[in-house]
*Asks:* 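This is the structure I want to talk about, given as C-alpha cells.
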There are 2 protein chains.
Amino acid sequence: MFTIGKASEQSGVNIETIRYYEREGIVPKPGRSAGGRRLYSPDEIAKLRFVRRCRDLGFPISIIQTFLSLTEQDDRSCSEVKTLAENHLDEINAKIENLTRLREALLSLSANCDDGTAACPMLDTLMKDGFRKPGLERSRH
Amino acid sequence: MFTIGKASEQSGVNIETIRYYEREGIVPKPGRSAGGRRLYSPDEIAKLRFVRRCRDLGFPISIIQTFLSLTEQDDRSCSEVKTLAENHLDEINAKIENLTRLREALLSLSANCDDGTAACPMLDTLMKDGFRKPGLERSRH
DNA sequence: GCTTGCTCCTGTAGCCACTACAGGAAATAA
DNA sequence: TTATTTCCTGTAGTGGCTACAGGAGCAAGC
C-alpha cells in the first residue's frame, strides 16, 4: 500500500487532483492508515493512471466515468467504447478545423500590420462593420 | 441610444455577457435611463462587437483589454498588436499540433476496438503499463 | 386605467477540471 | 529531540461565461 504522494508519482496524477477525484466520486475512497492517511493499492493506482491517460486523450470526466463502469462489467462493452471514442474523434476534428480557420483569419488580419503606421489595420478592421466570424463556432481555448 | 437588448443584437454579445464585461471592467459603464436601464451609444456597441470578434479569434480577455487601451492612444500601437497576434498564432499552432497527435493516438487505440469482444482492447491498453502520452501537453477541452 | 407580456434590474450560484492556499497534525530523518 | 517533510481538511480562486430567483419598468391593446 502507498501513501498519496507515492500514488501521485506512480499514476502521474497531482496529489490535489487525486483528492478532488475522490471528493467528486470519480475514483472510490481508499482505505486509511491508523493516523488517518490515505493508502492506495496498486489496483487503485492503476485506476488513477487510467483516468489520467483518458484525460490526456482529451476525454471529459463524464465519459471517463462511463469507461470506468464499463471496465467493471465486461460483457460487450467494446462497441460502446468505440462509439464514445468516435464521437470524441469527431469533436477533435471539429476543433482542428476551427483552429485552422482561426489561424487563416489571424494571418490575413496581421499581414497588413507593419510597424510605423499610426492606426493599426488589424484593430481597425475589427472595429469597423463588415468583418465576419472566421469559423463555425467560438474556440473556447 | 439603445437598451441592452438592442446592444446585444447589434454587437452579437449575449446580454448576460455584456453585464459580465461591465462588472469586470472590460468595457466602460454605460449611462442609464430615468428608470435605471443601461443605454448604449453606437460607439459603445462597436466596442462590444470588437470584444466579441477578438473572442471569436480566440484571444483571451486580458489581451483584448490591451487591444482596447491601444486603440485609445494611437501612436505606434501596431507593432505591439502584431507581436500579440503572433504569440497567439503560435499558441493556436501548438494546439492544432497537439490535437492532431491526439487524433492519431485515438485512431490507433480504437482501431482494434471491434464488436463482440468481451474485453475492450482500448480500455485494456489504457489500464496496463507502458502506454505513453500522445502529445506534449494535455488538451483542456 | 388596467392587464398582459416583454424587457430589464440586482445578486448569487453553477459550469469544468482543476489549483492554491491556510492552519494544523503525523510521520520520518538527523 | 528536533527539524523537515508529508499529509490532513476546508475553502476559495481560475476563465469566461451562463442560469437562475425575485422583483421592477415599460409599451400595447382593451
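Everything numeric in this text was worked out from a predicted model, so none of it was measured. Lettering follows sequence order; numbering is per chain, from 1.
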*Asks:* When you measure from the side-chain N and O atoms of Y21(A) to the phosphate of dC18(C), is any distance below 4.0 Å, counting only OP1 and OP2?
*Replies:* yes

*Asks:* Just how far, in rounded Å, is C1' of dA12(D) from OH of Y20(A)?
*Replies:* 15 Å

*Asks:* Using atom NZ of K6(A) as one end and atom P of dA27(C) as the other, report the distance to the nearest whole Å.
*Replies:* 16 Å

*Asks:* Should L57(A) and L109(B) count as side-chain neighbours, where that means a heavy-atom distance under 4.5 Å?
*Replies:* yes

*Asks:* Calculate, to the nearest 0.5 Å, the distance between atoms CZ and CE belonging to R37(A) and M1(A) respectively.
*Replies:* 15.5 Å

*Asks:* Over how many whole Å does the gap from M1(A) atom CE to dA27(C) atom C1' extend?
*Replies:* 18 Å

*Asks:* Is there a donor N/O on one and an acceptor N/O on the other, under 3.5 Å, for the side chain of R37(A) and the base of dA27(C)?
*Replies:* no

*Asks:* To the nearest 0.5 Å, tell me how far L107(B) CG sits from L102(B) CG.
*Replies:* 10.5 Å

*Asks:* Rounded to whole angstroms, how far apart are CZ on R23(A) and P on dA17(C)?
*Replies:* 14 Å

*Asks:* Checking contacts here: which listed nucleotide (dT9(D), dC9(C), dT18(D)) is nearest the side-chain heavy atoms of R32(B)?
*Replies:* dC9(C)

*Asks:* Measure CD1/I4(A) against P/dA26(C) and give the value in whole Å, please.
*Replies:* 17 Å

*Asks:* Is the phosphate of dT6(D) approached by R38(A) (side-chain N or O, under 4.0 Å from OP1 or OP2)?
*Replies:* no

*Asks:* Between P60(B) and A34(B), which is nearer to the 5' end of DNA chain D once each is assigned its nearest nucleotide?
*Replies:* P60(B)

*Asks:* Starting at atom CZ of R52(A), determine the distance to atom P of dA17(C), rounded to an integer number of angstrom.
*Replies:* 17 Å

*Asks:* To the nearest 0.5 Å, what is the distance between OG1 (T3(A)) and CD (E9(A))?
*Replies:* 8.5 Å

*Asks:* To the nearest Å, give me how far apart CD (E16(A)) and P (dC8(D)) are.
*Replies:* 10 Å

*Asks:* Among dG16(D), dC7(D), dA17(C), find the nucleotide with the atom closest to the side chain of I15(A).
*Replies:* dC7(D)

*Asks:* Rounded to whole angstrom units, what separation is found between the CG atom of L48(B) and the C1' atom of dC17(D)?
*Replies:* 15 Å

*Asks:* Any base atoms under 4.0 Å from R19(A), or only sugar-phosphate, or nothing? Heavy atoms, all strands.
*Replies:* base

*Asks:* Taking the side chain from R55(B) and the backbone from I61(B), do they hold a donor-acceptor pair closer than 3.5 Å?
*Replies:* no

*Asks:* So, does N14(A) get its side chain near the phosphate of dT19(C), meaning an N or O under 4.0 Å from OP1 or OP2?
*Replies:* yes

*Asks:* With a cut-off of less than 4.0 Å, is there a side-chain N or O of T17(B) near OP1 or OP2 of dT18(D)?
*Replies:* yes

*Asks:* So, is T3(A) close to the dC7(D) phosphate, meaning a side-chain N or O under 4.0 Å from OP1 or OP2?
*Replies:* yes

